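Here, residue 1 is the first one in the sequence, and each next residue gets the next number. Please read these numbers as outputs of a predicted model, since none were measured by experiment.
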Amino acid sequence: MKLNKGVIYILLGASFFGFTPIFAKLGFSFGYSLGQINIVQMVISFFLLWSLTLIKRASFNGLNKKNIVQIMITGCLIGLTSIFYYGSMEYLPASLAIILMFQFVWIGIILEWIFSKIKPAPITILSIILILIGVFFASNFVNGDKGGLPYKGLIFGILSAFTYAGFIFCSGKVAVNVDPWTRSSLMVTGSIILVFIVFMHDIPTVLPLESDLLTIAVGVSLFGAVLPPLFFAAGAPLVSGGVANILTSIELPIAILSASLILSEVVTPLQWLGIAIILVAIACNELGTKLF
């Protein structure tokens, strides 16, 4: 696979998404609910993305009723990912929530195989295996508490993996010729509608808006709902869905590094080993054709 702008965009989008656990955990520590965090996050994301889209005078060429609905449904997938991912962290340690969500790697390859009839190459399969091994160590699952875990958190974690893989897959298939700014704004429109429906009863609780909730919401908005979809929208059409899933694995080491530096969480040697394995797997997939 040739290194191109698509690869860079997806790596940047995944890196930004890696900071979201910090803001989500802070939000829960302040006593805010899953609904409150998601509602304010999506409202900020909606106004920010549409404002930038209009200011930049992004093109609306190529839009029609059919692909507008398709783009908004794709946005619903990132909205669901936000709900399930944060919901998992509400019940589980962040390390376990991350490893569950990271099952999107193999789920995405299967989606590509089923719907696009693209059979993964041997080097891709090797990269996936290395990534899953790296995820296992980097999540600190070996030393974590594996007993008495809430099933609700486990289910949310697995669901976040399916919705995240679906979002990445659809980002590379739906209305790829439409301006990325316009696509991202329509995606967040789908997300905000979904969140309002799911958390309808929590809407009154966000007012009056507290400064702590606003700070948390701005953080999860930028790093969870604005920057990743924007970069994925620009990069996903330039690479295959399977490659996109592998590249987004950079989110895990970013999440662990940010937790270590910002939340002062201890990163064990096994976790550093896992991070190294993931980076090797990404490099292996990038250079695999030349190396083998």
**Item:** Within 6.0 angstrom of Phe60 CZ, more than 12 heavy atoms from elsewhere
**Value:**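 It does: Phe60 CZ has more than 12 such atoms within range.
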**Item:** CZ/Phe30: more than 12 non-hydrogen atoms of other groups inside 6.0 Å
**Value:**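 It does: Phe30 CZ has more than 12 such atoms within range.
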**Prompt:** Do Ile193 and Met200 share a hydrophobic cluster (ILVMFWY, side-chain heavy atoms under 4.5 Å, transitive)?
**Reply:**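 The answer is no; the residues belong to distinct hydrophobic clusters.
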So do the side chains of [X] and [Y] get within less than 4.5 Å of each other, counting heavy atoms only?
X	Y	result
Glu90	Phe156	no
Gln41	Tyr86	yes
Tyr9	Lys5	yes
Thr205	Asp202	yes
Ile44	Leu214	yes
Thr268	Leu273	no

Euclidean distance, [Y] [atom2] relative to [X] [atom1], rounded to 0.5 Å:
X	Y	atom1	atom2	value
Gln70	Lys65	CD	NZ	14.5 Å
Thr74	Met72	OG1	CE	11.0 Å
Tyr164	Tyr85	OH	OH	8.5 Å
Ile73	Asn67	CD1	CG	11.5 Å
Phe46	Ser51	CZ	OG	9.0 Å
Leu77	Thr163	CG	OG1	7.0 Å

**Request:** With side-chain contact (heavy atoms from CB on, under 4.5 Å) as the test, would you mind laying out the steps for Phe104 and Phe162 before giving the verdict?
**Result:** CA-CA 6 Å; Phe104 79 84; Phe162 276 94; over 6 Å; no
Between [X] and [Y], is there a donor-acceptor pair closer than 3.5 Å when you use the side chain of the first and the backbone of the second?
X	Y	answer
Arg183	Asn177	no
Ser88	Gly153	yes
Ser160	Phe84	no
Gln103	Leu100	no
Ser191	Met187	yes

**Prompt:** So which heavy atom on Gly108 is nearest to which on Ala165, and how close?
**Reply:**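 Looking at all heavy atoms of both residues, the closest pair is N-CB, 3.8 Å.
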**Asked** What is the minimum heavy-atom distance between Val188 and Ser185, and which atoms define it?
**Response**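 Looking at all heavy atoms of both residues, the closest pair is CG1-O, 3.1 Å.
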**Request:** If a pair satisfies side-chain hydrogen bond (donor to acceptor under 3.5 Å, both in side chains) and one of its residues is in residues 54-64, list it, with sequence neighbours excluded.
**Result:**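 Passing the test, one end in residues 54-64: Ser59-Asn61.
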**Request:** Step by step, work out the side-chain contact (heavy atoms from CB on, under 4.5 Å) result for Val220 and Val40.
**Result:** CA-CA 9 Å; Val220 291; Val40 182; over 6 Å; no
**Phe231 and Phe16 aromatic centres sub-6.0 Å** =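 So the answer is yes for these two rings.
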